[in-house]
There are 2 protein chains.
Amino acid sequence: MIAEADPWVAMGDPSRRRIVRLLAAGPSSVAELADVLPISRPAVSQHLKVLKAAGLVDVRPQGTRRIYQVDPAGLQALRAELDGFWGQAMANFVELTNRHTKENEA
Amino acid sequence: MIAEADPWVAMGDPSRRRIVRLLAAGPSSVAELADVLPISRPAVSQHLKVLKAAGLVDVRPQGTRRIYQVDPAGLQALRAELDGFWGQAMANFVELTNRHTKENEA
DNA sequence: TGAACCCGTAAGTCGTAGCTTACCGTTCGT
DNA sequence: ACGAACGGTAAGCTACGACTTACGGGTTCA
């Protein structure tokens with residue numbers, strides 16, 4: 001498995017973000033996605049492979065078709081990491097503000 | 001301005017995510033970042049350029065050095081878009097669940 | 001003013017991501 | 001069992017992103 005499993009890298013590609021947006025609106029098959037997107041069906045397939053490896057989408061075989069949908073857990077993981085960044089940045093901000101205030105008080 | 005201004009693309013690169021992580025812990029100069037990271041100083045400079053274009057970091061010239069720090073607004077924007085995906089996905093989920101329940105009731 | 005630092009940019013190389021066409025396995029309908 | 005959809009994979013091409021080294025512009029301190 002040399003495949004890319006990083007959700008951030010997966011979301012970095014505009015086409016994949018568009019796919020996620022479409023799937024967030026409702027599950028759909030590969031052909032349905034390819035019909036809307038300006039890329040070929042195999043390209044969509046490859047993007048879905050990356051998104052699946054990143055844990056952002058799920059597959060549900062249904063007859064001859066494969067229905068894809070977003071995996072809330074994947075988005076949640078991204079949110080968690082992003083909140084981590086944000087929280088740390090804010091904590092650092094208030095600390096700097098406090099220090100600055102104290103310096104001005106002195 | 002051919003520069004890349006997409007925050008998602010900016011966060012897609014591991015080195016840049018690491019820089020954001022470092023800056024979230026506290027502001028620092030380019031040399032300080034390059035000292036920690038396994039890449040050259042110009043490489044860090046280029047990454048910072050992308051992050052700045054994406055609105056994820058801010059610069060504050062201080063003497064001969066340039067102090068970089070995260071821009072909370074940029075992270076907030078990412079959070080907002082991510083929450084949009086999540087909310088839509090969840091709404092779609094409960095709708096599907098309701099429909100499924102109704103079908104089973106009928 | 002000149003030396004020493006910090007940093008951004010230019011130029012060039014290398015790897016790889018994203019796309020295409022072609023092909024093949026699988027599943028349903030008749 | 002045959003043909004048709006649906007979709008994943010292989011092979012190959014092209015473009016771009018992430019590095020590197022080399023250079024130049026500012027700012028500080030003697």
Side-chain angles (χ1 to χ4, degrees), chain A residues 1-23 26-71 74 78, chain B residues 1-23 26-71:
Chain A
M1 187 70 149
I2 322 172
E4 188 63 64
D6 188 335
W8 288 103
V9 176
M11 293 292 281
D13 184 75
S15 293
R16 280 195 289 265
R17 269 206 310 286
R18 199 164 163 195
I19 289 178
V20 171
R21 233 177 270 128
L22 288 171
L23 291 182
S28 70
S29 67
V30 179
E32 285 172 350
L33 291 174
D35 189 49
V36 174
L37 297 169
I39 56 180
S40 69
R41 186 191 50 71
V44 174
S45 228
Q46 290 161 11
H47 282 311
L48 288 170
K49 185 179 184 179
V50 175
L51 289 172
K52 186 169 187 316
L56 290 170
V57 301
D58 259 346
V59 209
R60 169 178 33 124
Q62 177 174 315
T64 160
R65 313 198 312 164
R66 316 198 70 200
I67 307 300
Y68 281 87
Q69 52 185 326
V70 299
D71 183 354
L78 269 186
Chain B
M1 188 68 148
I2 323 173
E4 188 63 63
D6 189 335
W8 287 103
V9 174
M11 293 292 282
D13 183 75
S15 294
R16 280 195 290 265
R17 269 207 311 286
R18 200 163 161 196
I19 289 179
V20 171
R21 234 178 269 126
L22 288 171
L23 291 182
S28 70
S29 67
V30 179
E32 286 173 352
L33 291 172
D35 189 49
V36 175
L37 298 168
I39 58 181
S40 69
R41 186 190 49 73
V44 174
S45 229
Q46 290 161 11
H47 282 312
L48 288 171
K49 185 179 183 179
V50 175
L51 289 172
K52 185 169 188 314
L56 291 170
V57 301
D58 259 347
V59 210
R60 167 178 34 122
Q62 177 175 316
T64 160
R65 315 196 313 163
R66 315 198 72 201
I67 307 299
Y68 281 87
Q69 52 184 327
V70 300
D71 183 354

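Chain A is the first sequence line, chain B the second, and so forth, proteins listed ahead of strands; every chain is numbered from 1.
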Measure from [atom1] on [X] to [atom2] on [N] and round the result to the nearest Å.
{"X": "B/D35", "N": "C/dC5", "atom1": "CG", "atom2": "P", "value": "15 Å"}
{"X": "B/L48", "N": "C/dT9", "atom1": "CG", "atom2": "C1'", "value": "14 Å"}
{"X": "A/D6", "N": "C/dA17", "atom1": "CG", "atom2": "C1'", "value": "14 Å"}
{"X": "A/I39", "N": "D/dC13", "atom1": "CD1", "atom2": "C1'", "value": "17 Å"}
{"X": "A/K52", "N": "D/dG8", "atom1": "NZ", "atom2": "C1'", "value": "13 Å"}
{"X": "A/I67", "N": "C/dT27", "atom1": "CD1", "atom2": "C1'", "value": "14 Å"}
{"X": "A/Q46", "N": "D/dC13", "atom1": "CD", "atom2": "C1'", "value": "13 Å"}
{"X": "B/R17", "N": "D/dA18", "atom1": "CZ", "atom2": "P", "value": "11 Å"}

Just compare [options] and give me whichever is closest to any side-chain atom of [X].
{"X": "B/R65", "options": "C/dC7, D/dT9, D/dC19", "value": "C/dC7"}
{"X": "A/P42", "options": "C/dT20, D/dC19, C/dC7", "value": "C/dT20"}
{"X": "B/S15", "options": "D/dC19, C/dG8, C/dT21", "value": "D/dC19"}
{"X": "A/T64", "options": "C/dG8, D/dG26, C/dT27", "value": "C/dT27"}

Phosphate contact ([N] OP1 or OP2) by [X] side-chain N/O below 4.0 Å:
{"X": "A/S29", "N": "D/dG7", "value": "yes"}
{"X": "A/S45", "N": "D/dG7", "value": "no"}
{"X": "A/R66", "N": "D/dC6", "value": "no"}
{"X": "A/Y68", "N": "D/dC6", "value": "no"}
{"X": "A/H47", "N": "C/dA17", "value": "no"}

*Would you say the side chain of A/L78 lies within less than 4.5 Å of the side chain of B/M11, judging by non-hydrogen atoms?*
no

*For residues B/G12 and B/R17, report the shortest heavy-atom separation together with the two atoms involved.*
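Distance-wise, the nearest heavy atoms are O-NH1, 3.4 Å.
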
*side chain to side chain contact (heavy atoms under 4.5 Å, CB included) partner of B/L51, chosen from B/V70, B/D58, B/V20*: B/V20

*asked:* Check whether A/R16 reaches the backbone of A/A10 with its side chain - one donor and one acceptor, N or O, closer than 3.5 Å.
replied: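 Confirmed, A/R16 side chain pairs with A/A10 backbone.
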
*State the CG-CZ distance between A/L33 and A/R18, to the nearest 0.5 angstrom.*
10.5 Å

*Can A/L37 and A/L22 be said to form a side chain to side chain contact (heavy atoms under 4.5 Å, CB included), step by step?*
CA-CA 10 Å; A/L37 297 169; A/L22 288 171; 4.0 Å; yes

_Residue closer to the 5' end of DNA chain C, A/R16 versus B/V44 (nearest nucleotide)_ = B/V44

*asked:* Check this for me: does the side-chain of A/R41 come within 3.5 Å of the base of D/dG7 through a donor and an acceptor?
replied: yes

_For a quick check, tell me whether the side chain of A/Q62 and the base of C/dT27 share a donor-acceptor pair closer than 3.5 Å._
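Flag unset: no donor-acceptor pair detected.
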
_Need one value for B/A43: base, sugar-phosphate or nothing, where a base atom within 4.0 Å counts as base even if backbone is also close, heavy atoms only._
base

